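Because the structure is a prediction, the values reported are computed rather than measured.
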Amino acid sequence: MDLIKKRNAAGCTVLMVCHDMELVQDYAQRILVVSGGRLLGDGSMAKIMTDEALLSQASVASAQIPALATRFGGLFENVFTAEEMADIIGRRCGA
């Protein structure tokens with residue numbers, strides 16, 4: 001994955017087919033959601049990862065942290081990593 005990331009940073013377009021949404025979240029900037037030969041969604045990582053209805057329609061589980069953040073509501077909007085979530089919790093608790 002490091003090689004793919006380097007090639008992408010050098011200007012190469014990389015097309016991945018993957019059901020591991022944790023991996024997709026870490027490496028993708030744009031996500032196309034396909035199911036049954038049909039394009040269901042096309043958008044940024046943040047847009048697609050927070051669209052649980054779309055991911056469910058494609059029978060794909062969201063990455064763990066965005067799914068948890070969505071369940072917690074607005075306080076954790078656009079949170080995609082455990083570090084981001086811990087930072088918000090720490091600020092809320094005065095740490």
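- Atom-to-atom distance recorded for T70:OG1 and N78:CG is 9.0 Å, nearest 0.5 angstrom.
- Comment: R91 engages D87 in a salt bridge, judged by a side-chain N to carboxylate O separation of less than 4.0 angstrom.
- Applying the side-chain contact (heavy atoms from CB on, under 4.5 Å) rule to T81 yields the partners E83, E84; only residues at least two apart in sequence or on another chain are considered.
- Both I89 and V79 are assigned to one and the same hydrophobic cluster, defined by single-linkage of ILVMFWY side chains at heavy-atom distances under 4.5 Å.
- The nearest pair of heavy atoms linking I48 to G41 is CD1-C, 4.3 Å.
- For the pair T50 (side chain) and A46 (backbone), a donor-acceptor distance under 3.5 Å is present.
- Between V33 and Q57 the shortest side-chain heavy-atom distance does not fall below 4.5 Å.
- In this structure, V60 is a member of the same hydrophobic cluster as L40, with clusters built from ILVMFWY side-chain heavy atoms closer than 4.5 Å.
- A single hydrophobic cluster is not seen to contain both L32 and M45; linkage of ILVMFWY side chains at heavy-atom distances under 4.5 Å, directly or through other members, places them apart.
- M16 CE to Y27 OH: the interatomic distance, rounded to the nearest 0.5 Å, is 8.5 Å.
- Separation of atoms NZ (K5) and SG (C12) is listed at 15.5 Å; rounding is to 0.5 Å.
- Atom CD of Q64 has 12 or fewer heavy atoms from other residues, nucleotides or ligands within 6.0 Å.
- The shortest side-chain heavy-atom distance between R30 and D42 falls under the 4.5 Å cut-off.
- Contact detail for A63 and Q25: the closest heavy-atom pair is CB-OE1, 3.2 Å.
- Legend: ring-ring contact (aromatic ring centres under 6.0 Å, His included) pairs involving residues 58-79, not counting sequence neighbours, sorted by first then second residue: F72-F76.
- Once rounded to the nearest 0.5 Å, the distance linking CE of M49 with CG of L54 reads 11.0 Å.
- Looking at D26 and M1, their side chains never come closer than 4.5 Å, going by heavy atoms from C-beta outward.
- One distance of note links CE of M21 with CD1 of I65; it measures 14.5 Å at 0.5 Å rounding.
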